[in-house]
Amino acid sequence: MNPGVHDMLSAWGPQAGHVAWLWNVFLAICTVVFVALMVALFMALRRAPRIDAPEPPDLGTVNVPEPRLRRSVATAAAITILGLLALLVASVFTDRALARLPLQDAVNIQVTGHQWWWSVKYVDGAVSETFETANEIHVPVGRAVVVQLAAADVIHSFWIPSLAGKRDLIPGRSATLAFRADQPGIYRGQCAEFCGLQHAFMAFEVHAHPPAEYERWRRLQVATAAEPAEAQAQRGKQLFQSVSCAMCHTIQGTLAQGKKAPDLTHLASRRTIAAGTLPNTAGNLASWIADPHRHKPGVTMPAIPMSGEDLAAIVAYLGTLQ
Amino acid sequence: MKGRLAGLLLVAATLAACEREQRHFAAETQNATGGETAVRRSTNQPGMALGGMVKLADRNISMYDDNAYAVNEGKRLYRWYNCSGCHANGGGSIGPALMDSQWVYGSDPRSIFDTIVQGRPNGMPSFGGHIPEDQVWRIVAYVRSMGGGLRTDVAPSRTDSLYPGKPENFRSPQPAIQKGASQAELALEPR
């Protein structure tokens with residue numbers, strides 16, 4: 001499976017480009033400072049008196065004041081201030097460039113961080129055009145995306161290294177982040193603020209599509225879940241609505257309307273389950289439902305004791321949710 | 001001699017505190033329930049209704065009374081499963097209060113478990129088969145903490161949301177809610 005681009009140095013959109021440029025400026029200036037310091041240190045070590053020196057050190061100038069030292073300290077201080085000023089100016093200009101991303105015709109998304117997954121809500125257009133998904137954000141290439149961020153429990157941080165900088169999600173506060181993807185592809189994102197036991201497994205994906213393909217995906221997501229045709233999947237649907245699944249999960253078009261866990265209306269169209277932890281295959285899905293704590297200890301989804309037959313029926317039903 | 005005794009007591013106290021911090025992720029296979037023998041006492045059920053019988057508690061002991069993590073999980077589930085929709089923060093609204101001394105169906109762990117699983121007439125839904133037993137036990141432990149029935153070092157402290165009352169670990173037990181005998185204490189008793 002293509003793991004997705006996860007590299008802040010190769011920018012795939014304007015926002016990440018500005019951040020990468022700032023990083024390069026910092027790297028260049030800091031490298032010059034580091035090399036200069038190392039050279040000075042090496043020279044000082046070379047000039048130090050040696051224990052096996054053949055002649056005794058010349059102490060004739062010990063009591064004479066050293067004008068050159070004062071001059072060099074002043075020069076070094078001036079260069080340091082200039083260097084810091086250069087970094088400050090670069091930082092201010094980067095912030096300005098980040099804030100000037102044109103937002104006409106932007107896609108508006110609400111992303112909420114939960115322990116340990118992301119809910120994604122597309123809020124453009126009439127209410128009938130809005131829909132919810134989880135851990136997978138699809139965007140059209142070349143159009144700005146405005147993400148409204150919120151946290152449901154603790155502090156998280158939303159980070160797509162190849163597309164934009166980080167933005168913290170703080171409970172009780174709102175934040176926004178705008179980005180644009182200029183090339184189609186899959187970009188990996190990750191929670192970047194320690195948020196509990198499974199912080200490392202709180203990933204997501206951004207899929208950038210050409211506009212026509214994005215529109216096709218959007219139409220599919222707006223639709224309610226299809227009715228399963230096979231008997232086993234139909235039984236899985238009954239089970240899903242009556243046992244513990246429906247207490248937390250939603251499948252639009254069914255009685256399952258829990259709002260505490262990822263929306264599973266189009267689960268089969270996603271690449272991963274459990275916030276980028278496992279590839280979305282029938283085997284992984286069954287293993288995950290049978291005991292989520294084997295894959296992500298401490299996750300809020302409980303292990304639900306059920307027969308293998310029931311488990312297979314539920315997995316078969318989830319497989320039909322294209 | 002005195003020093004050695006104090007040392008022993010210190011070790012015992014430290015060991016007793018282990019259970020408070022333990023996080024049980026895997027659901028226990030034996031969740032202190034019997035077979036599916038009891039009828040539902042309510043037609044209300046979340047999601048799609050299940051037919052058949054439900055499992056009742058087979059012991060009058062709350063296995064999570066000593067475990068702070070489980071009680072906090074119970075507190076989260078109390079809101080997730082919308083217990084708060086009728087019982088509010090324990091003061092009651094459509095449903096009866098859970099922090100006073102009036103208990104229609106009993107305040108001991110077994111009664112609370114059975115009430116959640118079977119449901120009760122006039123509104124309390126039957127959650128048997130909808131909420132895993134392990135989670136029901138966590139909710140039972142939390143419900144007991146609402147009236148001050150748990151040790152103060154186990155009961156949850158301040159809530160994340162705005163709440164004007166005392167936190168659970170600052171409440172003293174009401175006459176009807178006996179201070180729970182913890183599993184550590186029960187282990188010391190001769191049987």
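Bear in mind that the values here come from a model prediction, so they are computed numbers and not experimental data.
- Residues A:Gly298 and B:Tyr69 come closest through the heavy atom pair O-OH, 4.2 Å.
- For A:Thr254, no part sits under 4.5 Å from any heavy atom of chain B, backbone or side chain.
- Counting heavy-atom pairs closer than 4.5 Å to chain A, the top-ranked of the candidates B:Arg76, B:Gln45, B:Glu73, B:Glu133 is B:Arg76.
- Annotation: A:Phe201, atom CZ; neighbour count of heavy atoms from other residues, nucleotides and ligands within 6.0 Å does not exceed 12.
- Neither the backbone nor the side chain of A:Gln257 comes within less than 4.5 Å of any heavy atom in chain B.
- In this structure, the side chains of B:Met48 and A:Leu239 stay at 4.5 Å or more apart for every pair of heavy atoms.
- In the displayed structure, B:Asn60 atom CG is contacted under 6.0 Å by more than 12 heavy atoms of other residues, nucleotides or ligands.
- In this structure, A:Met247 and B:Ile131 have side chains that are in contact, with non-hydrogen atoms separated by less than 4.5 Å.
- Distance check, rounded to the nearest 0.5 Å: CD1 of A:Ile304 to CG of B:Asp134 gives 11.0 Å.
- Between B:Phe25 and A:Asp291 the shortest side-chain heavy-atom distance does not fall below 4.5 Å.
- For A:Cys245, no part lies under 4.5 angstrom from a heavy atom of chain B.
- Other residues, nucleotides and ligands contribute at most 12 non-hydrogen atoms within 6.0 Å of the CZ atom of B:Arg41.
- Atom CD of A:Glu230 sits in a sparse spot, with 12 or fewer heavy atoms from other residues, nucleotides or ligands closer than 6.0 Å.
- Other residues, nucleotides and ligands place more than 12 heavy atoms under 6.0 Å from the NZ atom of A:Lys259.
- Note: A:Gln241 CD to B:Leu50 CG = 11.0 Å, rounded to the nearest 0.5 Å.
- The 12-atom threshold is exceeded at OH of B:Tyr105, counting heavy atoms of other residues, nucleotides or ligands nearer than 6.0 Å.
- Minimum interatomic distance between A:Thr300 and B:Gln135 (heavy atoms only, all atoms of both residues): O-NE2, 4.3 Å.
- Put simply, the side chain of A:Ser244 gets close to the backbone of B:His130: a donor and an acceptor are under 3.5 Å apart.
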